[in-house]
Amino acid sequence: MINRIIKIKGVGKFFDFSLKASSLWNGEFRPITLIYGENGIGKSTLTSIFRSLKNDDSLLYQLRSFGTNDSPEVTLKFDDETKNIEYKNGEWDKNKSNIEIFDTHFINTNIFTGFEILPQHRKNLFEIVIGDEGVRLKYQISNLKDQIKEKNNDLKEISSKVAKFCNVYEMDEILLLQPDFDIEIKISKKQKEIDASRAFEKIKQSPEFREMVLIDYDIRYENLKAFCQKSIDSISQEYIEEVEKHKNSLNLGSRSEKWIQDGVDNIQDNKCPFCLQNIETVDIVKAYTQYFNEQYIALQKNTKLLQNKVGEINPEQIFSNIEIDYASNNGYVKFLLNYLNIELVELSITSFKKQTVEITKKLKELVDLKSNNPIKPIEIEIINKLEKILNEGNQEFIKYNEIVKRENLKIKALKEKEVKDVIILEKELERIKAVKTRQTEEVKELCTIYQKINKEIVDLKVQNSDLQTQLKQYTFEIFSSYKEQINNYLQKFAPYLEIRELKSTYRGGGKDPFADYGLYVSGNKIDFKADSMNPNVKYSLSEGDKSALALSFFLAKVFSDNNIDKKIIVFDDPVSSFDINRKTSRSEERRVGKECRSRWSPYH
């Protein structure tokens, strides 16, 4: 209990009070203390000193006496303390939490203000009803909610950091992204889709790959070889030798046989076309006549046809067209590689061309040689080489053309494909890139921290849920008992008032619980808001009714406290608006005085 007030300096009307014991009173207080005095002499200031001592150091500084900025000074002696408790420099050296005070501050804070009962009153009333154990649970829950809120803010901050690297997925989705060892291939493929979408019109108008034209001299090589080895059997060997001898003597080279044939063709009346002598009996002329017979003429004619045909072969022009097609394909490949995986093999066109041009030239020389001497067989190795070179080169072209056909199907499919919008494709690309970004060291570290905090939140929520369950069970029991006690006191002070539906509840997303209840007057529920068009506190309760309601709440709180024997109870003018019938409340005060450690009651 409070043993003595030793000093009060600079608090309200107490400019500089110090205890001065006398023969009438030594300054010690009894367990029940009644302070009587007129209004304005400092009774409520004493109450405020006790309120500050309980849990509000700053309150005394706000109550400092007019005309001074110095910190108030108070010294109190308690019978359960070994030394005095002092207030200096704006704070108590020790607080006393076992003080309960009923005054206008209690009423305005917890029950009503003026004409209304506000949500804040019911929030504060919750702590009054549930007592110290309930308050402990409430503040544990509140602390857990603060921790959860703080950690959720941490998660938001980490999510914002991750979003700078990857903003196409929600954080929960990012956490689930797994490494993809083909990610670079997928990124490249998607980029090509994007490029293809942008260049779609150009792709639609572009040609297909050209196939390489196979080189075909339109020659039957077996027939050619047989022709080159052909001779005329009807010409005697003697005559052939004579003609050959004469040809060699002319020094005309390859033109000698043609010169002689022209002469033979112009013999008329058995006379030499050059000297007009009779040559009927000349042996060499007989040899010429047999040599240049019908078979020879037919063979020579065929040789001429072959010579003309071979002479028209132009491998340079053929390969020029092939090189144009090949270069076109290669240029198109570079364009299409941006959109498709194109695989065209390289051709050895330069080498093929060189061999073909050289061997074709030798073929022409071979045919010319046969033309100049049709009856003489010639070697066919050149023809074999030509056939081999063209066959090998064309086989390479055939393989190339098969690939061209396959790749052209890809191009056709691309042209016929329904192209996605570039914006959609770019979003898809961002999602693919996000899989890669997820595996960077910086993002991995942020995700690890996020998961750790998230687990901590889950654990805190489990703790919070358990405490909520405990508080719910506890409040159910306490509220039921408390409602009964309040109504018992109301029966004494205002029998027509009744509290119903007293319960613990939460409002909206708030973290603090409310003590919600219905207030009934003569069985009729009244609204708490003063502006309600229904019966309400402002018009349905007198000042005495409101005081009775407040005192009933306070007394129910005090007598519900299992530690009431350790409490210091302060009543500051609790019945000033009570009529004679309500003065019975003083009997309840006396009861409080008997059960608590100390009771103070200032009156006027």
Side-chain angles (χ1 to χ4, degrees), residues 1-22 24-68 70-81 84-110 547 550-551 554-555 557-558 566-577 585-586 589-590 592-593 596-604:
M1 60 172 281
I2 302 172
N3 189 272
R4 284 188 176 91
I5 297 176
I6 297 172
K7 177 182 179 180
I8 303 176
K9 181 180 179 180
V11 182
K13 296 280 181 82
F14 298 96
F15 290 100
D16 191 7
F17 165 80
S18 60
L19 177 62
K20 293 179 182 179
S22 67
L24 296 177
W25 182 48
N26 64 1
E28 289 187 5
F29 298 111
R30 302 290 178 87
I32 298 177
T33 301
L34 176 64
I35 299 176
Y36 180 80
E38 297 176 354
N39 288 332
I41 66 170
K43 301 187 299 300
S44 293
T45 300
L46 277 177
T47 302
S48 295
I49 290 173
F50 297 140
R51 183 177 298 283
S52 174
L53 175 62
K54 180 178 182 179
N55 57 13
D56 190 355
D57 287 8
S58 64
L59 177 59
L60 274 194
Y61 191 80
Q62 296 173 30
L63 289 172
R64 64 189 181 277
S65 300
F66 291 118
T68 178
D70 295 334
S71 172
E73 295 181 10
V74 178
T75 303
L76 305 174
K77 179 176 176 57
F78 288 81
D79 61 357
D80 59 345
E81 299 289 345
N84 296 337
I85 295 179
E86 295 185 342
Y87 183 92
K88 287 182 180 179
N89 301 319
E91 63 181 4
W92 292 96
D93 58 8
K94 182 177 183 180
N95 292 105
K96 297 288 285 184
S97 61
N98 64 334
I99 299 174
E100 299 292 347
I101 302 169
F102 179 81
D103 61 357
T104 55
H105 181 82
F106 172 87
I107 296 171
N108 289 330
T109 302
N110 304 304
S547 295
L551 185 57
F554 182 79
L555 291 173
K557 168 181 170 59
V558 169
K566 298 181 178 62
K567 295 287 186 177
I568 298 171
I569 311 299
V570 179
F571 290 95
D572 185 2
D573 200 10
V575 294
S576 59
S577 59
S585 64
R586 293 194 178 182
E589 288 188 56
R590 289 192 290 272
V592 170
C596 69
R597 186 176 186 86
S598 175
R599 194 200 87 196
W600 283 58
S601 297
Y603 288 91
H604 65 273

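Every residue two or more places apart in sequence or in another chain was checked for a side chain to side chain donor-acceptor pair (under 3.5 Å) with Asn3, and none qualifies. Shown here are the side chain to side chain donor-acceptor pair (under 3.5 Å) partners of Asp93, two or more places apart in sequence or in another chain: there are none.
Partner Arg51 forms a salt bridge (Lys or Arg N to Asp or Glu O under 4.0 Å) with one of Asp57, Asp572, Asp103 and no other, that one being Asp103.
You'll find the side chain of Asn55 stays beyond 4.5 Å of the side chain of Asn95, heavy atoms only. Residues Phe571 and Leu551 form a side-chain contact, since some pair of their non-hydrogen atoms from C-beta on lies under 4.5 Å apart. Using a 4.5 Å heavy-atom cutoff, the side chains of Ile85 and Lys96 are in contact.
Side chain of Ser71 to main chain of Gly90: a donor-acceptor pair is present (N/O by atom type, distance under 3.5 Å, no hydrogens or angles). With Lys43 contributing its side chain and Glu38 its backbone, the two residues share a donor-acceptor pair below 3.5 Å. With hydrogens and angles ignored, the 3.5 Å screen pairs no side-chain donor or acceptor of Ser97 with any backbone N or O of Lys54. A donor-acceptor pair under 3.5 Å is absent between the side-chain atoms of Ser52 and the main chain of Ser48, judged by distance alone.
Rounding to the nearest 0.5 angstrom, the gap separating the CG atom in Leu53 from the CD1 atom in Ile568 is 7.5 Å. The CG atom of Leu76 sits 7.5 Å away from atom CD1 of Ile6, with the distance rounded to the nearest 0.5 Å. Atom-to-atom distance recorded for Asn89:CG and Tyr87:OH is 9.0 Å, nearest 0.5 angstrom. Atom CD1 of Ile35 is separated from atom CD1 of Ile41 by 9.0 Å, given to the nearest 0.5 angstrom.
Here side chain to side chain donor-acceptor pair (under 3.5 Å) pairs that include residues 4-16, with residues two or more places apart or in two chains, are Arg4-Glu28, Lys7-Glu73.
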Let me see the working for Ile5 and Leu46 under side chain to side chain contact (heavy atoms under 4.5 Å, CB included), right down to the final yes or no.
CA-CA 10 Å; Ile5 297 176; Leu46 277 177; 3.8 Å; yes

Evaluate side chain to side chain contact (heavy atoms under 4.5 Å, CB included) for Trp92 paired with Leu60, printing each intermediate quantity in order.
CA-CA 10 Å; Trp92 292 96; Leu60 274 194; 3.5 Å; yes

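Ionic pairing of Lys566 and Asp80 is not present here: no N-O contact between side-chain nitrogen and carboxylate oxygen is shorter than 4.0 angstrom.
Of all non-hydrogen atoms in Thr33 and Arg30, the two that sit nearest each other are OG1-O, 3.1 Å. When every heavy atom of Ile2 is checked against every heavy atom of Phe29, the shortest pair comes out as O-CB, 3.5 Å. Between Ile8 and Phe14, the shortest heavy-atom distance links the atoms CG2-CB, 3.4 Å. Taking both residues in full, the closest heavy atoms of Phe50 and Ile101 are given as C-CD1, 3.8 Å, listed atom of the first, atom of the second, then distance.
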